[in-house]
Structures are given as C-alpha cells and as structure tokens.
Amino acid sequence: DSGDMGELESGFEERMVRLCEEYAARFATDGAEVVNEFRVETIEGRWGYCDRILINPEGDAHLFDWKFVRSKEVVDADVNLQGKDYVVGILEDPRFSRIERISVHFVMPRFESATVTRRPFTREDVPTLKLEILAILARARQTDSRRWRGASLTPHYDVCRFCGAAATCVALRRIADRIGRAYDPDGYGRTPVIPAQTHASLVTDPAERGQLQELAGLMDTWAQSVRHHNLTAALADEANLPAGYVIDYPKGRRQVSDAHQLLNIATEFGLTAQDLIDAASVSWTKLEQLLRDRAGKGEKARQVANFNSKLEEACAVVRAEPAPRLSRVRPATV
C-alpha cells in the first residue's frame, strides 16, 4: 500500500507486487488520483476494504483488488458480488461524485501472466446492481428455522470466513464449543457472575471487584452494539427511531488538511509559525511512518530509533509515566 518494496520479505513477494503495480500503471493518465486501502460503505450498513481506487481526471476510475490466492481463480468480475457491492458503495459516495465510469479488476499474480478478470460499470448500472444485492440479502434472511438450527448447515472455510452470520451460526458454535472445552474444560462456557452489589464504590471484596470488571467489558461491547444497530436502523428508515430519540448531526472534529494554507491564513491574522507549533498536537505514529517511507532499504528501523534517541537527548520529548490499567490474568501454559 505504501509503495515501498523495502517492507517486503522476499524476492518472490517483490515479484508478485511488481506484477500488480505494472498492471495498474497501464490505466493511469496524467493527474490521476490514487487511493489505497479504502474503506467502502456498502448497502445496509455493511462495509469492506478495496485495495486501490485509481481516479483519472476524465471521470473514469479503476478499482483494483489484489487476490494472492494459490489454488483457484476468484469468481469472474462479471458476476463477482464483492466487486458489484464496492461499485455501488463508491458511486453512491458523495466524495466520488466526479466518477462516471468505474472498472473492477481482480488481479491474481500467482497465476500465469498475472491472471486478471475485469468488468466496467457506469452510474446507470447502480439500480440494477442494488436490486441484485438486496435480493440476495433478502433470501439470506428468509432462511427457514430448521436450517438455522443447524440441521443442514455445512461449515466450509472458504465460505464461513466471509459470512456475516458467522457470529450467530449454530454449526460454527458447535465447532467452537468442542475446541474451547478441549483447551479449557473447567472454565469454558462459564456464565459471568453478577454480584449482589453492582455499585463499584460500595464493593470491598476483591472477588466481587473482579466480577464487576469482567461485566464492564461485556456491557461495553453490548452498549456499542446497541448504539450501532439502533443508528443503522434509524438512518435506513425513521420509523425505526428508538422511542424518545432523534437523529442528531453534531459538528465533526476539525482536522488540518493543508498545513501550508493554515500557516498562510494564520499569518494574516497575526499568528506566527511558533504560535501554531505551540498549539499543535504531533502524531508520533505519522512522523515515524514518514521516516520509514523516506529511509533507504534496511534503514527504516534504525532511522526511527536514531530520530527518537536524538529527541530524547535534546530534551525535546518527555515520555509520560506509564498509565495504570487492569489486565486480565492469563493462566500459565505448560
């Protein structure tokens, strides 16, 4: 994604990546915009990541998905639902309103001559694509209760790892139960204990505090799930609004997208570069990534280490004391 071959671990990986890059380069024109590892919001709150979107100034775009499969080729782009789902998500995204045509490319570099399957789409195709996808989702939801009880479910690795129902699948749960009980026959499947006193300020027993700490993690996950699904349902249809609530659109958090423009305008208002530096919050992750991107092959880790060392020697950086936290004790393994 970064375009830095120095991060690859072997000549074989480098050759695979070069095949992909050489193929994608054939479709770029002057002034093309490239977006790597982009999260695409699709129908009904679902989402996925596509490897690359290349957008040419003329309004045509290309979506590339690298498939490093070994045993068999992926489903042809003409019928591949993953590609169609991404097309709908991209063409309905206001940020890509300039795109009129988009071609989906599934590139398989492990096969001879980097096998490619490709299919072009236009905005006129979106209603038909949405109808096809929605029909499949509707059929999946109408599965009869006997099948959901697991009578005819047949788990398969190539299918289950992409299935959105994996978390509630009876057949997968049975497999997980067998594995879990084999590794932890005493503790697996244990129901969380709810102590008589749930006000943490009033609990004095360490055992009960442990029970509350465990419940807090479970309830936090549950609360996030409730908020997500309630909001998704309400955005799809206001009739699904939870009673007593409305949809609100608070202002988004401001972020600097062009530091040079910020400096120019701030200067007009009497602010100096030093003022901006004093008010800025530095992302160490981004700085270290920039160093890695610009360092020579084999020098990435050393460059970052030297950078941090010099900052600390000059007292330009003060490392905060480690923040305390509670971590669950893991049983010792033999």
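These numbers were taken from a predicted model, which means no experiment stands behind them.
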S.K.: Please lay out, stage by stage, how Y245 and N230 fare under the test side-chain contact (heavy atoms from CB on, under 4.5 Å).
M.R.: CA-CA 10 Å; Y245 290 84; N230 278 350; over 6 Å; no
S.K.: Supply the atom-to-atom distance E208 CD to Q213 CD, rounded to the nearest 0.5 angstrom.
M.R.: 14.0 Å
S.K.: With no hydrogens and no angle check, is any side-chain donor or acceptor of R209 less than 3.5 Å from a backbone partner on V203?
M.R.: yes
S.K.: Write down the atom of A233, the atom of N240, and the distance for their closest heavy-atom approach.
M.R.: O-ND2, 3.3 Å
S.K.: If we only count heavy atoms from C-beta on, is the R15 to R18 side-chain gap below 4.5 Å?
M.R.: no
S.K.: If you group Ile, Leu, Val, Met, Phe, Trp and Tyr by side-chain heavy-atom gaps below 4.5 Å, do V282 and V317 land in one group?
M.R.: yes
S.K.: Tell me, do L134 and E44 make a side-chain contact under 4.5 Å, heavy atoms counted?
M.R.: yes
S.K.: State yes or no: do L276 and V256 share one hydrophobic cluster built from I, L, V, M, F, W and Y residues joined by side-chain heavy-atom distances below 4.5 Å, directly or via other members?
M.R.: yes
S.K.: How many angstroms lie between CG in L291 and CG in N306, if you round to the nearest 0.5 Å?
M.R.: 10.0 Å
S.K.: Checking side-chain contact (heavy atoms from CB on, under 4.5 Å) for the pair E37/D51: CA distance, chi angles, key distance, verdict?
M.R.: CA-CA 4 Å; E37 197 65 15; D51 291 323; 3.6 Å; yes
S.K.: Got R26 and H62 here, is their nearest side-chain heavy-atom distance under 4.5 Å?
M.R.: no
S.K.: Checking N80 against R119 for the side-chain contact (heavy atoms from CB on, under 4.5 Å) test, could you report, in this order, the C-alpha distance in whole Å, the side-chain angles of both residues, the deciding distance, and whether it holds?
M.R.: CA-CA 9 Å; N80 193 299; R119 166 71 189 274; over 6 Å; no
S.K.: If every non-hydrogen atom of L63 is compared with every non-hydrogen atom of I102, which pair is closest and at what distance?
M.R.: CB-CD1, 4.1 Å
S.K.: Closest approach of L202 and Q197, non-hydrogen atoms and distance?
M.R.: CD1-NE2, 3.7 Å
S.K.: Taking the side chain as C-beta and beyond, is there a heavy-atom pair between V104 and Y86 under 4.5 Å?
M.R.: no
S.K.: Please check: side-chain N/O of N56 versus main-chain N/O of E58, any donor-acceptor pairing under 3.5 Å?
M.R.: no
S.K.: Under a 3.5 Å threshold, yes or no: a donor from one side chain and an acceptor from the other, between E268 and N264?
M.R.: no
S.K.: Would you say the side-chain atoms of E124 and T122 include a donor-acceptor pair closer than 3.5 Å?
M.R.: yes
S.K.: Would you find more than 12 non-hydrogen atoms of other residues, nucleotides or ligands less than 6.0 Å from K130 atom NZ?
M.R.: no
S.K.: Mind telling me whether F64 and F27 have parallel, tilted or perpendicular rings, with 30° and 60° as the class edges?
M.R.: tilted
S.K.: Under a 4.5 Å cut-off applied to non-hydrogen side-chain atoms, are I90 and F121 in contact?
M.R.: no
S.K.: Find the distance between CG (L212) and NE2 (H199) and round it off to the nearest 0.5 Å.
M.R.: 10.5 Å
S.K.: Between the main-chain N or O of H228 and the side-chain N or O of T232, is there a donor-acceptor pair closer than 3.5 Å?
M.R.: yes
S.K.: Out of curiosity, E288 CD to S283 OG, how far, rounded to the nearest 0.5 Å?
M.R.: 9.0 Å
S.K.: What's the shortest heavy-atom distance between P57 and G31, and which atoms?
M.R.: CG-O, 3.7 Å
S.K.: Taking the side chain as everything from C-beta on, heavy atoms only, tell me whether V35 gets closer than 4.5 Å to R95.
M.R.: no
S.K.: Mark yes when over 12 heavy atoms from residues, nucleotides or ligands other than R227 sit less than 6.0 Å from its CZ; otherwise mark no.
M.R.: no
S.K.: Measure the spacing between OG1 of T267 and CG of L262 and express it to the nearest 0.5 Å.
M.R.: 9.0 Å
S.K.: Determine the sole option in F96, W47, Y49 for which the ring-ring contact (aromatic ring centres under 6.0 Å, His included) test with F38 is passed.
M.R.: F96
S.K.: Sub-3.5 Å donor-acceptor pair from the side chain of T42 to the main-chain atoms of G89, do we have one?
M.R.: no
S.K.: Taking salt bridge (Lys or Arg N to Asp or Glu O under 4.0 Å) as the test, write out the residues that go with E299, two or more places apart.
M.R.: R302
S.K.: Looking at every non-hydrogen atom in both residues, tell me the closest pair between L91 and R123 and how far apart they are.
M.R.: O-NH1, 2.6 Å
S.K.: If hydrophobic clusters are built from ILVMFWY residues whose side chains come within less than 4.5 Å, do M219 and V226 share one?
M.R.: yes
S.K.: Side chains of E312 and N308: do they bring a donor and an acceptor to under 3.5 Å?
M.R.: no
S.K.: Go through V107 and R52 one step at a time and tell me if the side-chain contact (heavy atoms from CB on, under 4.5 Å) criterion holds.
M.R.: CA-CA 11 Å; V107 184; R52 179 174 299 176; over 6 Å; no
S.K.: Do you know which two heavy atoms are closest between G270 and D275, and how far apart they sit?
M.R.: O-OD2, 4.3 Å
S.K.: Can you confirm whether I247 is buried at CD1, in the sense that more than 12 heavy atoms of other residues, nucleotides or ligands lie under 6.0 Å from that atom?
M.R.: yes
S.K.: Determine whether L54 and E33 make a side-chain contact, defined as any pair of heavy atoms from C-beta on separated by less than 4.5 Å.
M.R.: no
S.K.: Can you tell me how far apart CD1 (I99) and CG (D93) are? Round to the nearest 0.5 Å.
M.R.: 8.5 Å
S.K.: Any non-hydrogen side-chain atom of E92 less than 4.5 Å from a side-chain atom of I43?
M.R.: no
S.K.: Should the pair Y23 and H105 be assigned to parallel (<30°), tilted (30 to 60°) or perpendicular (>60°) ring geometry?
M.R.: perpendicular
S.K.: Who pairs with L231 by side chain to side chain contact (heavy atoms under 4.5 Å, CB included), at least two apart in sequence or on another chain?
M.R.: L235
